[in-house]
4 protein chains.
Amino acid sequence: MNKVILAGRLTRDPEVRYTQSGKAVASFTVAVDRRFGRKNADNNQPTADFIPVVVWEKLAEICGNNLIKGSQVLVEGRLQVRTYDAQDGSKRYVTEVVANEVEFMGSRPQREGGFQQGGFAQGAPAPAAPADNSFGPAIPDEDIPF
Amino acid sequence: MNKVILAGRLTRDPEVRYTQSGKAVASFTVAVDRRFGRKNADNNQPTADFIPVVVWEKLAEICGNNLIKGSQVLVEGRLQVRTYDAQDGSKRYVTEVVANEVEFMGSRPQREGGFQQGGFAQGAPAPAAPADNSFGPAIPDEDIPF
Amino acid sequence: MNKVILAGRLTRDPEVRYTQSGKAVASFTVAVDRRFGRKNADNNQPTADFIPVVVWEKLAEICGNNLIKGSQVLVEGRLQVRTYDAQDGSKRYVTEVVANEVEFMGSRPQREGGFQQGGFAQGAPAPAAPADNSFGPAIPDEDIPF
Amino acid sequence: MNKVILAGRLTRDPEVRYTQSGKAVASFTVAVDRRFGRKNADNNQPTADFIPVVVWEKLAEICGNNLIKGSQVLVEGRLQVRTYDAQDGSKRYVTEVVANEVEFMGSRPQREGGFQQGGFAQGAPAPAAPADNSFGPAIPDEDIPF
DNA sequence: TTTT
DNA sequence: TTTT
């Protein structure tokens with residue numbers, strides 16, 4: 001068992017890319033507020049954890065089409081550590097949550113254009129082209145977790 | 001909510017260190033086998049995820065005293081991304097699971113000296129001195145998650 | 001490990017009772033919508049699961065003071081099966097989630113009087129008197145899960 | 001989200017039944033030990049929770065073929081409350097975990113005949129006929145959760 | 001780099 | 001760097 005459950009808000013709009021074979025991949029970071037009391041606020045500690053999340057295929061497109069900066073989500077997935085070689089020859093690690101479920105929670109930030117009222121992530125059209133993967137190196141086409 | 005649940009085996013004996021104020025910290029990596037079918041075995045993909053885990057205080061000592069390479073564990077905790085400055089001035093990220101519960105599961109590897117048959121992690125004496133933190137930079141003394 | 005995580009909405013206002021020794025107990029039911037597709041809507045199947053939740057002590061009072069029918073919550077707890085003897089002498093089972101954490105999620109139903117904007121369940125005054133436990137027999141005073 | 005994760009041992013051999021349309025259903029109870037300290041042992045409280053679990057189709061057959069009384073399992077599923085009318089006309093509730101994943105954990109009880117060493121639940125032949133559903137009324141044929 |  |  002390798003299970004992660006996060007509830008929080010997107011720090012930015014999701015970034016949707018496509019692999020060479022055409023699979024959609026969405027990346028975003030979820031800010032999870034720490035419970036009051038877990039850390040003393042007065043000693044300059046962070047008050048949130050920022051967790052990189054990656055979503056594949058249909059769910060990626062749904063997230064790209066329905067989530068924006070500030071959106072509240074409930075994410076279920078697994079922890080994955082990818083490894084890659086940095087330019088200086090050293091080995092680097094990228095840890096992220098590969099989500100297999102993203103629920104859209106209540107209070108959603110406003111923006112021009114109508115978003116759906118919330119609900120589960122499913123069914124949606126397909127957007128367009130690539131971008132840069134902000135969480136590390138290129139994601140290989142085969143790297144589909146489920 | 002920021003919750004992680006892992007079931008797997010230690011890739012090495014746990015490493016126990018102490019902060020300046022005397023708090024114990026144990027670090028180990030849990031190998032979580034991927035379900036057959038999640039990845040095709042034939043395309044050179046990894047068959048396990050290797051997840052760094054950090055444990056504090058009493059639970060750290062219990063882990064240090066009862067777990068060894070190969071021990072089967074069920075870990076519950078939260079995902080934490082620490083940030084630090086590398087020697088070359090760049091910013092690096094260390095992601096780990098901060099465990100608040102470690103259950104010892106069944107089949108445990110043999111070793112000289114008697115280990116307990118299993119059970120929950122609790123109650124235990126205290127070992128001794130530091131070492132190096134294999135997962136990143138020094139863990140500050142205040143960084144206690146609960 | 002005995003862990004339950006639910007995201008849903010209260011079907012009614014929470015009911016707060018007190019044990020003889022004065023401990024608060026809140027009871028409510030969480031309606032968890034099933035994912036579209038898990039069940040075909042067209043064969044008269046329910047579209048939600050209704051899960052009884054029980055909360056103790058300080059958290060019970062916070063829930064009583066901040067949640068109402070329709071409130072969206074994220075509940076973490078454990079499953080508990082209590083047993084009791086029915087009037088006809090037969091043995092009955094009551095299964096409920098004993099929550100140790102209740103997060104208040106976004107979109108909250110309106111009602112006269114100001115409720116807080118959301119956040120984690122903690123810190124709050126104490127309400128008053130008993131009522132009837134809608135999920136089964138009297139909860140014994142000692143039955144505190146944590 | 002409606003998620004349950006249990007680690008424990010079967011109190012009896014699984015019971016495998018078949019619906020009219022031929023779908024396999026396995027039922028068993030998982031005993032989950034409570035953490036020491038969660039309950040004082042000295043006040044006659046139970047030291048374990050006994051949770052009814054239901055498994056469908058292929059996974060049901062795998063469980064029927066590989067698990068026995070005492071088997072250690074890690075179960076992931078969802079909580080379901082079924083309702084039915086008792087003979088006396090009153091309404092009764094049956095709560096159970098509908099498992100979608102069952103991992104076989106380490107130390108497994110011995111019995112004549114070779115069982116596999118453990119691993120994930122998948123792939124297996126099919127056993128035979130019905131029996132009585134020990135956890136409540138007949139499970140309708142359509143009631144397949146995934 | 002960070003959300004409300 | 002990896003466990004069974």
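Lettering of chains follows the sequences in order, A, B, ..., and the numbering in each one begins at 1.
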Distance in angstrom units between B/I51 CD1 and F/dT1 C1', rounded: 15 Å
Using whole Å, report how far CE of B/M105 lies from C1' of F/dT4. 14 Å
Atom-to-atom span, CD of A/Q72 to P of E/dT4 - whole angstrom: 11 Å
Of the candidates E/dT1, F/dT1, F/dT3, the side chain of B/D33 sits closest to F/dT3
d(CG, B/L79; P, E/dT2) in whole Å: 19 Å
What is the distance, to the nearest angstrom, from the CG atom on A/N2 to the C1' atom on F/dT3? 14 Å
Test salt bridge (charged side-chain N to carboxylate O under 4.0 Å, His left out) applied to A/R92 - qualifying residues, sequence neighbours left out: A/D88
Ranking E/dT1, F/dT3, E/dT3 by distance to the side chain of A/A48, first place goes to E/dT3
The nucleotide from F/dT1, F/dT2, E/dT3 with an atom nearest the side chain of B/T11 is F/dT2
What are the two closest non-hydrogen atoms of A/T95 and A/L79, and how far apart are they? CG2-CD2, 3.4 Å
Would you kindly give the CZ-to-C1' distance between A/R34 and E/dT4, to the nearest whole Å? 17 Å
B/F50 aromatic ring stacked with six-membered ring of F/dT3, 5.5 Å and 30°: no
At their closest point, which heavy atom of D/P14 faces which heavy atom of D/G64, and how far apart are they? CG-CA, 4.3 Å
Closest to side chain of A/A31, choosing from F/dT3, E/dT1, E/dT3: E/dT3
Work out which heavy atom in B/V4 is nearest to a heavy atom in B/R78; give both atom names and the distance. CG2-C, 4.1 Å
Below 4.0 Å: OP1/OP2 of F/dT2 and any side-chain N or O of B/K69: no
Find out whether A/F104 and A/L74 are in side-chain contact, i.e. whether some heavy atom of one side chain is under 4.5 Å from a heavy atom of the other. no
Nearest whole Å is fine: how far is E/dT3 P from A/L6 CG? 17 Å
The nucleotide from E/dT3, F/dT2, F/dT3 with an atom nearest the side chain of B/T29 is F/dT2
Length of the line joining A/R9:CZ and E/dT1:P, which is rounded to integer Å: 23 Å
